[in-house]
Amino acid sequence: MKLPESYYQDNDVIKLSRDLIGKYLFTRFDGLVTGGYIVETEAYNGIIDRASHAYNDRRTNRTEVMYHAGGIAYVYLCYGIHEMLNIVTSVEGQPHAVLIRAINPTEGIDIMQYRRDMAVVKPNITSGPGSVAKAMGISRRINGISLQSDTLWIEDRGLVFNDEQIAAVPRVGVDYAGEDAALPYRFYVKGNPYVSKPNR
DNA sequence: TGCGCGATATACT
DNA sequence: GTATATCGCGCAA
């Protein structure tokens, strides 16, 4: 059921970002399972990508996990408030990562609702990277964890979206990245209500 | 050791 | 639409 280690070690992070759309992402904490299928991702293409933390081979304590072989999680804090979940891909020494920006929840929605402090469930419960992490209980203490673990994993349940249903557009919030800001590295399911704001 | 700033979300007007 | 919370990283000094 779980996607195997080899799935993540593909060298083409753009292709993987596209392929992860429709895959099921799960977490389990204290026996509570939450998850759903991925509807929005962004690719961060290693040391040549100005929007990536690893741009120009910036290997530091923070970025170290991105240099590991694919198949683990990279979780970091942004704006002092939001945690973001990334999937590390490619081979060792190649700091590629896929940012999970939105999922369509299917399991443990009540638990996610509680974690998000929401009185009523609305689509923004898992819309946007910070929301996904909070709803699924993901934080930096999970940084570097294997996707073969029983805490965080991804499954292929046969859900497929064709190219007509998926949009490829520039990434969000990376204006500082110069020319690389225009690259179509953001993928999402057209019309899905859980996709985060900027267009749909 | 200090400082500027960001892969955002939310509560405002 | 725009204001603002809030912190640790990366680089300069």
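Please read these numbers as outputs of a predicted model, since none were measured by experiment. Numbered from 1 within each chain, the chains take letters A, B, ... in sequence-line order.
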Asks: Would you mind reading off the distance between A:I81 atom CD1 and C:dT4 atom C1', rounded to a whole angstrom?
Replies: 8 Å

Asks: Starting at CZ of A:R115 and ending at P of B:dA9, how long is that distance when rounded to a whole Å?
Replies: 17 Å

Asks: Taking atom P of C:dC7 as reference, at what distance in whole Å does atom CE of A:M84 sit?
Replies: 15 Å

Asks: Side chains of A:R141 and A:S139: any donor to acceptor distance under 3.5 Å?
Replies: yes

Asks: Quick one: are A:L16 and A:Y7 in side-chain contact, heavy atoms under 4.5 Å?
Replies: yes

Asks: Any protein N or O atoms within reach of nucleotides 10-13 of chain B? Criterion: under 3.5 Å, listing atom names and distances.
Replies:
{"residue": "B:dT10", "atom": "OP1", "partner": "A:R116", "partner atom": "NH1", "Å": "2.9"}

Asks: Does a donor on one side chain sit under 3.5 Å from an acceptor on the other, for A:Y194 and A:N104?
Replies: no

Asks: In residues 54-73 of chain A, which ones come under 4.0 Å of DNA chain C, going by heavy atoms?
Replies: A:R58, A:T60, A:R62, A:T63

Asks: Only one of A:I38, A:V195, A:V172 passes side chain to side chain contact (heavy atoms under 4.5 Å, CB included) with A:R101; say which it is.
Replies: A:V172

Asks: Check this for me: does any side-chain nitrogen of one of A:E40 and A:R186 sit under 4.0 Å from a carboxylate oxygen of the other?
Replies: yes

Asks: Between A:L77 (CG) and B:dT8 (P), how many Å, whole number?
Replies: 12 Å

Asks: Could you check whether A:L99 gets within reach of a base, just the sugar-phosphate, or nothing at all, counting any heavy atom under 4.0 Å?
Replies: base

Asks: What base-paired stems does DNA chain C take part in, with at least 3 consecutive Watson-Crick or G-U wobble pairs and both distances under 3.5 Å?
Replies: B:1-6 with C:7-12, B:8-12 with C:1-5

Asks: By the 4.0 Å heavy-atom rule, please label A:A51 as base, sugar-phosphate, or nothing.
Replies: base

Asks: Take atom OH of A:Y44 and atom P of B:dG6, then tell me their distance rounded to the nearest Å.
Replies: 13 Å

Asks: For A:V13 and A:A43, work out which heavy atoms get closest and say how close.
Replies: O-CB, 3.9 Å

Asks: Do any N or O atoms from the side chain of A:Q113 and from the backbone of A:A119 form a donor-acceptor pair under 3.5 angstrom?
Replies: yes

Asks: Expressed in angstrom and rounded to an integer, what is the separation of A:E83 atom CD from C:dA5 atom P?
Replies: 20 Å

Asks: Any side-chain heavy-atom pair from A:L152 and A:L25 closer than 4.5 angstrom?
Replies: yes

Asks: Would you please indicate yes or no on a ring centroid separation below 6.0 angstrom for A:H53 and A:Y76?
Replies: yes

Asks: Heavy atoms, side chains only, cut-off 4.5 Å: are A:I87 and A:Y8 in contact?
Replies: yes

Asks: Give a yes or no on this: more than 12 heavy atoms of other residues, nucleotides or ligands lie within 6.0 Å of atom CG of A:D110.
Replies: yes

Asks: Closest-nucleotide mapping onto DNA chain C: is A:R140 or A:H82 further toward the 5' terminus? I mean the 5' end.
Replies: A:H82

